[in-house]
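Below, each value reflects all heavy atoms present in this structure, side chains not excepted, and no hydrogens, waters or symmetry copies. Worth saying up front: this structure is predicted, and the values here are computed from it rather than measured. Residue numbers begin at 1 in each chain, while the letters A, B, ... track the order of the sequences.
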Number of protein chains: 2
Amino acid sequence: MAALDLFGRRWSLRILWELRAGPLGFRPLQKRCDDMSSSVMRQRLTELLDAQVIHQLPDSRYELTPLGHEARHALDPLVRWAERWAATIDPQGADHTDDQSAGRVSPPDTVGDGAPERGSAD
Amino acid sequence: MAALDLFGRRWSLRILWELRAGPLGFRPLQKRCDDMSSSVMRQRLTELLDAQVIHQLPDSRYELTPLGHEARHALDPLVRWAERWAATIDPQGADHTDDQSAGRVSPPDTVGDGAPERGSAD
DNA sequence: GGTGACCGCTTCGGAAATCGAAACGGGGAG
DNA sequence: CTCCCCGTTTCGATTTCCGAAGCGGTCACC
């Protein structure tokens, strides 16, 4: 349950996700996370730090701990599900070249709607 | 990313989790989810309904769709990780037989810091 | 030495999400 | 009819999040 709460916050999962490839500094990480507010970012970072999911390198960059990497991998099935999910509910034109949605993605309406969103799992 | 947003909301994962054992009505479900606000509950329910993760039975109870069950199972590794995580950072109060804490759970503070709220493992 | 760019991080006012409790109409039991 | 539980909506109060500006610091460059 604690985990559900920790990861149920707005950018926690995203941060975990963006850190998967390697350590990142504060501002770079912020940019990767859709330019989220630095205030909230610091907050999430602190929570994650406290949960020992990430830690800070001597050069002050943030990096996943072994525990953090496990969490990120534990997330994999969910990512795979997300892809299937996207394919199920949004099977039509997956062409959103003109997409300009910022941070907010809404739950898809229904099959047959024309409201594309970003479904890239990177 | 859309999934990260859908599940990044406050009670989404919890609802998914509480529905794992079978269909539940509105108020029962609400009680199970730490008595969350009915307003937010309705909102989450709508989002989940819209995302075709849950659906409503003729007797108006809520139930996971096949897609929803997949999501719940996709969550399994995360749950397993959570247990390991709890054991890693909170190895002393190793008695999680009881559980009735309120809504907010924070990253455990066992090691080093004195963060406020309490966490419970399920 | 001065300037500008990036850095980690904090502060603050306003917007949005969440809460909490009350209330509606309806169903079933006593 | 009354009492209790139900699903659901509404509304004011609180919490969280956002967005932008600012602080002190480093480093390259001129």
Side-chain angles (χ1 to χ4, degrees), chain A residues 1-2 4-19 22-51 54-64 100-107, chain B residues 1-2 4-19 22-51 54-64 100-107 113 115-119:
Chain A
M1 286 295 105
L4 250 57
D5 188 79
L6 174 61
F7 292 138
R9 275 159 161 62
R10 200 151 183 74
W11 294 100
S12 322
L13 286 177
R14 180 66 174 271
I15 291 178
L16 194 66
W17 184 255
E18 296 298 348
L19 243 27
L24 280 174
F26 189 95
R27 280 179 129 114
L29 179 56
Q30 183 184 10
K31 278 202 173 59
R32 268 176 176 271
C33 289
D34 191 61
D35 267 310
M36 61 177 289
S37 318
S38 42
S39 37
V40 184
M41 168 117 145
R42 188 80 195 88
Q43 203 173 312
R44 290 297 101 84
L45 248 21
T46 302
E47 292 165 4
L48 257 22
L49 240 17
D50 193 50
I54 62 177
H55 68 120
Q56 213 163 359
L57 298 167
D59 64 355
S60 83
R61 286 185 306 167
Y62 296 91
E63 184 186 37
L64 292 181
Q100 51 99 43
S101 54
R104 212 56 40 86
V105 261
S106 313
Chain B
M1 287 296 105
L4 249 58
D5 189 79
L6 174 61
F7 292 138
R9 277 159 160 62
R10 197 153 177 75
W11 294 100
S12 323
L13 286 177
R14 180 66 174 272
I15 290 178
L16 194 66
W17 183 255
E18 296 298 348
L19 244 26
L24 280 174
F26 189 95
R27 286 213 211 234
L29 178 56
Q30 183 184 10
K31 279 202 174 59
R32 267 177 175 272
C33 289
D34 191 62
D35 267 310
M36 60 177 288
S37 318
S38 43
S39 38
V40 183
M41 168 116 148
R42 190 82 197 83
Q43 203 173 312
R44 289 297 100 85
L45 248 21
T46 302
E47 292 164 4
L48 257 21
L49 240 18
D50 194 49
I54 62 176
H55 67 117
Q56 213 163 358
L57 297 166
D59 63 356
S60 82
R61 286 184 307 167
Y62 296 91
E63 185 185 37
L64 292 182
Q100 60 125 112
S101 54
R104 216 60 43 89
V105 258
S106 271
D113 193 276
E117 302 102 307
R118 273 263 69 80

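- The CZ-C1' distance, from Phe26(A) to dA5(C), rounds to 18 Å in whole Å.
- Electrostatic pairing of Asp35(B) and Lys31(B) does not count as a salt bridge here, judged by no charged N lying under 4.0 Å from a carboxylate O.
- The nearest whole Å value for the distance from the CG atom in Asp59(B) to the C1' atom in dC6(D) is 11 Å.
- Take Leu13(B) and apply the side chain to side chain contact (heavy atoms under 4.5 Å, CB included) test, not counting sequence neighbours, and it matches Leu4(A), Phe7(B), Leu75(B).
- Every residue meeting the salt bridge (Lys or Arg N to Asp or Glu O under 4.0 Å) condition with Arg61(B), not counting sequence neighbours, appears here in chain and number order: Asp59(B).
- The nearest whole Å value for the distance from the CZ atom in Arg32(B) to the P atom in dC6(D) is 13 Å.
- Taking side-chain N and O atoms only, Tyr62(B) has no distance below 4.0 Å to OP1 or OP2 of dC6(D).
- To the nearest angstrom, P of dC19(C) lies 10 Å from CG of Asp5(A).
- In terms of the side chain to side chain donor-acceptor pair (under 3.5 Å) criterion, Arg27(B) has no residue partners (sequence neighbours excluded).
- Under the rule for a side chain to side chain contact (heavy atoms under 4.5 Å, CB included), the partners of Leu49(A) that lie at least two apart in sequence or sit in another chain are Ile54(A), Gln56(A), Tyr62(A).
- Side-chain atoms of Arg10(B) and Arg44(B), non-hydrogen and from C-beta on, do get closer than 4.5 Å to each other.
- Residues His55(B) and Leu57(B) are in side-chain contact: their nearest non-hydrogen atoms beyond the backbone lie under 4.5 Å apart.
- Atom CZ of Arg9(B) and atom C1' of dC19(C) are 16 Å apart (whole Å).
- Here dA21(D) presents its P atom at 13 Å from CG of Asp35(A), a figure rounded to the nearest Å.
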* **Base versus backbone protein contacts along nucleotides 22-30 of chain C [heavy-atom cut-off under 4.0 Å; B, S, -]** => BB-------
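- With sequence neighbours excluded, the residues forming a side chain to side chain contact (heavy atoms under 4.5 Å, CB included) with Ser39(B) are Ser37(B), listed by chain and number.
- For Trp11(A), whose side chain is taken as the heavy atoms from C-beta onward, the closest listed nucleotide among dC18(D), dG20(C), dC17(D) is dC18(D).
- For the pair Leu29(A) CG and dG8(C) C1', the interatomic distance rounds to 12 Å; values are reported in whole Å.
- A search for salt bridge (Lys or Arg N to Asp or Glu O under 4.0 Å) contacts involving Arg42(B) returns nothing, not counting sequence neighbours.
- Taking side-chain N and O atoms only, Arg10(B) has a distance below 4.0 Å to OP1 or OP2 of dC19(C).
- Residue Gln30(B) is classed as having no contact, given no heavy-atom separation below 4.0 Å to the nucleic acid.
- Between Arg61(B) atom CZ and dG7(D) atom C1' the separation is 14 Å, expressed in whole Å.
- Looking at residues 39-46 of chain B, you'll see Ser39(B), Arg42(B) sit with a heavy atom under 4.0 Å from some atom of DNA chain D.
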